[in-house]
Amino acid sequence: MQYSLGIDAGGTYTDAVILRDSDSKILDSGKALTTYPDLMIGIRNAIDKLDPEYLKKVKLVSVSTTLSTNIILEKAGYPVGLILVGDYTIPKELPAEHCIAVRGGHNSNGEELHPLDINEVEHFALSLKKKVSAFAVSSYFSTRNPDHELKIKEVILKLTGHPVVCGHELSQELGAYERAATAVLNAQLIPITYQFIHSIIAEVKGRKLDAKVLMLKCDGSVIDIKGAKQRPIETIFSGPAASIIGASHLSGLDTCAVIDVGGTSTDVSIIKNGLPELCEKGAVVGDWQTRVKAIKMETSASGGDSHVWFMKYTRIGPKRVIPLCVAAEHYPNFREKLEKNPVPLRTMLNEHIQPTKFFVRTGQIPIDPTESEEKLLEVMGDEPLSINEILNKMKRFPSPCVLDSLINQRVIQAIGFTPTDALHVLGDYTGWDVEAAQIGAKKLARFTHMDPHSFCKKIKQEIARNMAYSLMSFIMEGRGRDGIRKILEGEIPAQYKVSIPVVLLGGPVKTYYGELKKLIDADIIVPEHAQVGNAVGALVGKGIKRVEIMIRPEAMENPDQNFLVFSPAGRKKFDHYRAAVEYAQKTGEGLIQNSMKSFGLPEGSIKIDTSIEYLTPPEWKHTPMETKMTFVGICAPGYSEDM
C-alpha cells in the first residue's frame, strides 16, 4: 500500500494531508500556522501532526507555496542582470537594476536582422559576475528564432557559472517586454527557490521517506523538482491553483465554481471538464504583467484574518493581522493586556490606533532600515505592544508609514480583531481563545452602538456578501462589483442564480453556508476536509504540459510553398504544407512526452489532445495564412503503479 503527502504553505496556515493512492482516500491531515521568514518551520509543524505510521509509506510528496508570489510582491528577489537583444530603447520600468541592450535580433520570420554583439555581452557579464546571482535574456522575436538567446546563455554560463533564463524558454507568445519581465522575475526567484526545494528534499530524507517530490504550478498542473528549479516563476499563485484542484477532487465534480476563503483573501475560480480556466494575457504579479499561464481568478482582500477596525464606520481589511484569539494562545499575558488597553477617542482612530491593535517583532532582520525604523525597533521585543505602550516608550506616536514599512518587510506583525474572532464570539468556530475574541468584540462594538453579538453577526454577513460579490463579479465579467452589490442590497430583495455547483473551501467556511444561501441560488457544497483543500489540491494536481506551434508561409506572395514552423524546439523550413504539419505534430507530441518522462510514467498513460486553429481570410483559396497547433498532455503522476 502506497501513500502520498500533500503540503500547502499558505499565507496564514500550512496544511498537510496524507492520501491513499489506491482509492484517493484522505487518511490524515495536519494544520499549523505558516512561519516567516522560514516557511520550513510551519511545514514541519504541520507534518508532525500526521500519523507516523502513514508517513512511513509515503512515496510521493507534492508542495504548493506562496513563496514565489511573496518574494515578488515584497521585492525581495536576488539581483539580476538583464540583456535585451535588438535595436530598441530600454523600457523605463523593468524589475532589474542592471540592464543592457545589445545589437542583434530577428524579424517575424525568424531571420537574423543584425549579427549578435557577443563582445558587449561578455563585458556586461564579467562586470556583474560578483554583483548578481543570475541573468535574464530577452530578444525581439526570440519565439520565432531563439538562436541569439541561446548563444548568450552559453557564453554567460561559461564566463560566470550563474543561472541564465531565456525569454523563449518561458513563453512562446509575442511581447518582448512582457517576456523580459517574466525572465527577470524568474531569475530573481531561482536562488531562493533552490534553497526552499533543497530544504524540502532534506526534510523528506531526514524523515527517511523514499519519495518523489513535485511542486504545483499556477495553472493547476504539477512540475518535477528539476523543472521547479529552472522555472520557479511558474509556481506563483499555486495556492489558488491548489484550491480549485482540491475542490474538484473533494467534491467529485469536474465542473464547478470554487470560493476559497483564506486568511488573507477570498479567491474565486471555475474549473470546467477537469481543467481550470486560464487567463489569456498571463498572470499579473505585483506591478508586472507576465507571460506565465495562470488560473483565471477573482481575488478580494477579505479573509478570515483580515483586520476589522473602526473609523467613522466598521471596515474589514485589506491588511491581514494575527487574530486576537490566536495571539492569546501564543503570548501568555496577552488577554490581560488586551483587556486593559484603553479605548481611544473617536477623533484619534485610524488603522493603527485601535483598542484591539498590537504589534510584535517576528525575528526577521530589516533591510537597510531608516533611522525612524531603528528607533521603533529598539523599543519592541518578543511580546506584543499596543500603540499606547509604544508611545510611552518612545514619547511620541510612531509614524504610520514606518509601521507599514516594517509590516511589509515582515519585520513586525500586527495583531487585531478579525472575522475569525467574530466566529469565536458567535460560537460558530472555537479553535482558539474565545475570551480574547469576546474582549475585542466588546471594545469595538462600543463605536457601533451594537452589542458584541450583533456586531460579530454583521461582520459574518459582510464576509458572506463579499463571497457572493466575488463569485458574481467573476461570472459576470465586466459588470463590476458595485452593480452586483446594488442588486443584492436593493430595496427589492434579489438573488442571482448560478447553474453550476459552488464549492466552498477554507477553515470554517461551513459557518457561512446559510448567509451565502440567502444571496445566491445555487447548489452550495462544503466537502469533507474543506479546511485542508489546498493541500489536497497540491497532491492531486495532474501533470499538464501545453505546447504551441505555429506554421506560416515564408512569403505571402507565394502562400502555397515554403513554410516556416515555429516551436519551442526552434525554427524549421519546409517546402510543402503537409510536411510542415507532420513535423509540427511529431514535435509537439515529442516535447510533451519528454517533459513527462521525469514523472516515471509508462508512455501509454499520457493522454495528448491536439487542437488546430486556422487563420484564413474570406475567399482565400490557398493554404492557411497561419496555422496554430496546441498540444495538451495530461497524466496523473501521483498514482503511478511503479512509483
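Computed from a predicted structure; not experimentally measured.
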Crowding at [atom1], [X] (>12 non-hydrogen neighbours, <6.0 Å):
| X | atom1 | answer |
| --- | --- | --- |
| E154 | CD | no |
| D210 | CG | no |
| H114 | NE2 | yes |
| H622 | NE2 | yes |

Are [X] and [Y] packed together at the side-chain level, in the sense that at least one heavy-atom pair is separated by less than 4.5 angstrom?
| X | Y | answer |
| --- | --- | --- |
| I608 | Q593 | yes |
| L84 | S139 | no |
| L250 | V503 | no |
| V258 | I270 | no |
| V63 | L214 | no |

Might you point out which heavy atoms bring [X] and [Y] nearest each other, and give the distance in Å?
| X | Y | result |
| --- | --- | --- |
| A125 | I156 | CB-CG1, 4.1 Å |
| I592 | G633 | CD1-N, 3.5 Å |
| A242 | A538 | CB-N, 3.9 Å |
| M215 | F196 | CE-CE2, 4.0 Å |
| W620 | P559 | CZ2-CB, 3.7 Å |

Is the cationic atom of R144 (NZ for Lys, CZ for Arg) positioned less than 6.0 Å from the six-membered ring centroid of F566 and within 45 degrees of its normal?
yes
Among residues two or more places apart or on two chains, list those pairs meeting ring pair (Phe, Tyr, Trp, His ring centres under 6.0 Å) that have a residue in residues 143-162.
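For residues 143-162, and leaving out neighbouring residues, the ring pair (Phe, Tyr, Trp, His ring centres under 6.0 Å) pairs sorted by first residue read H106-H148.
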With rounding to the nearest 0.5 angstrom, report the [atom1] to [atom2] distance, [X] to [Y].
| X | Y | atom1 | atom2 | answer |
| --- | --- | --- | --- | --- |
| T160 | E122 | OG1 | CD | 11.5 Å |
| E582 | T587 | CD | OG1 | 11.5 Å |
| E548 | T143 | CD | OG1 | 10.5 Å |
| L126 | L159 | CG | CG | 5.0 Å |
| L128 | S133 | CG | OG | 11.0 Å |

Does G110 offer a backbone N or O that forms a donor-acceptor pair with the side chain of N145 under 3.5 Å?
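The answer is yes, because a donor-acceptor pair under 3.5 Å joins these two groups.
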R207/E203 ion pair, N-O < 4.0 Å:
yes
Are F574 and F563 close enough that their ring centres sit under 6.0 Å apart?
no
From the list T623, T627, D560, side-chain hydrogen bond (donor to acceptor under 3.5 Å, both in side chains) partner of Y577 resolves to T627
